Amino acid sequence: MPITANNPNRQTWIATSSKTDFPIQNIPFGVFLTRDDIITIGTRIGDTAIDLGALHQLGYFEGIPLTDDIFLQDSLNDFISDGKKTWRLVRNRIAEIFDKENKALQNNEEHKKIVLFKLEEIEMQLPVTVGDYTDFYSSKEHATNVGTMFRDPDNALLPNWLHMPVGYHGRSSSIIPSGIPVHRPQGQKIIDGADSPIFGPSRLVDFELEMAFITTDANPLGEPIPVDEAEDYIFGLVLFNDWSARDIQKWEYVPLGPFLGKSFASSISPWIITLDALEPFRVAGPKPEKEQLPYLQTEGERSFDIHLEVAIQPEKGKPVKVCKSNFKYMYWNMSQQLAHHTINGCPVNSGDMMGSGTISGPTPDSYGSMLELSWKGKNPVQLSDGENRKFIEDNDTVIMTGYCKNKDVRIGFGEVSTKLLPVFKK
Ligand code: CA
């Protein structure tokens, strides 16, 4: 089925700026509280939020097989379960409803009052109920930098790294939408050279610049997802800040991997940008450096050209850009991650979230964490005259943004913005 929603020539009757992340070609999905305190599934064009629950009740999705309450829910999980064909039909229909040439809703003042909201009238929620969250480690530059710093520059990558998308199972309970602040975590840490640990606030709180993809119900127990079908089961992507406490992580991670140094919070941007909307921005990923096992081999353009940026805003001051990276740097693509995840027969469900791992690029200004940007604190990152950062300080806000752009259209992700509060005190 064609993705007519992506037509770059389509214009909308909703007022939009040419710089918006959300032109009519985007049509993301999210969940919000309306001005009347009702929770609904919605989309967004420019700075106008659109209540899909109300649109459906008013009959605008006639002819598409949807249950009556599909958008009157507090998560997208059921809609995502409906599958790619339905996502596509709904996005195509939304594009038609808001097309400049279509007068049906455009000229119906009563319906517009019910369906349209200003952004300041709504409050974004988590878009999905995340059952399971997995985090990969798929940027070769990031894995190399971390291996160089903590182990051995000559053998920075561990022997498995070029053969599989390494990952671990994280906690979904601490995934939060943009705007919710996070407390500095406390935990066990060890001072270099000491025999036993101390307890206290993490001194090395860090961000990780990642993206996450969200899956639909894909496979019954025991059935792997073939790598060339994996994209059929990916609904869309969000920006993902995988907060990390490096001192806690360093002491706890052997031998079973990340735990409390990671599970205190991961923040996401609230609008899910569909894989369909990203279609014009496909690119080839890095060439494999070692032959991959057949179940991981992909052909064609399986990566996406998504510009990513991180800024730090101190309590008093403006945001300062500290990193510029790109999703296309990922060595392992999403199809490979999903094929690997399910090769043992482990099922994935609707609303599961798969983090990419920190997305570092080839140059020092493209490193996706403070650990790398400041090289373990050796080279503080300058924010302004007299202010620099080795890691994130109390009351700093970390802001991640992302967008794709070609000559026709800009498809953006908005932002994930999170303030780090001091340690929690009762
Ligand atoms: Ca991570």
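If you're wondering where the values come from, they're calculated on a predicted model, not measured in any experiment. Each ligand, and each atom within it, is numbered from 1 in the order the structure gives.
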- request: Run the ring-centre check on W243 versus F264 and record whether the distance is less than 6.0 Å.
  value: no

Vertex the Ca ion (ligand 1), ends E210/OE2 and E208/OE1: angle to nearest 10° comes to 90°

Exercise. Going by atom types only, do N326 and D305 share a side-chain donor-acceptor pair under 3.5 Å?
Worked result: yes

Query raised in the report: With a cut-off of under 6.0 Å to the ring centre and 45° to the axis, is R410 in cation-pi contact with Y403?
Result: yes

Would you kindly say whether S81 and D217 are connected by a side-chain donor-acceptor distance under 3.5 Å? yes

For the Ca ion (ligand 1), the nearest N/O/S atom on D135 is atom OD2

For the Ca ion (ligand 1), the nearest N/O/S atom on D242 is atom OD2

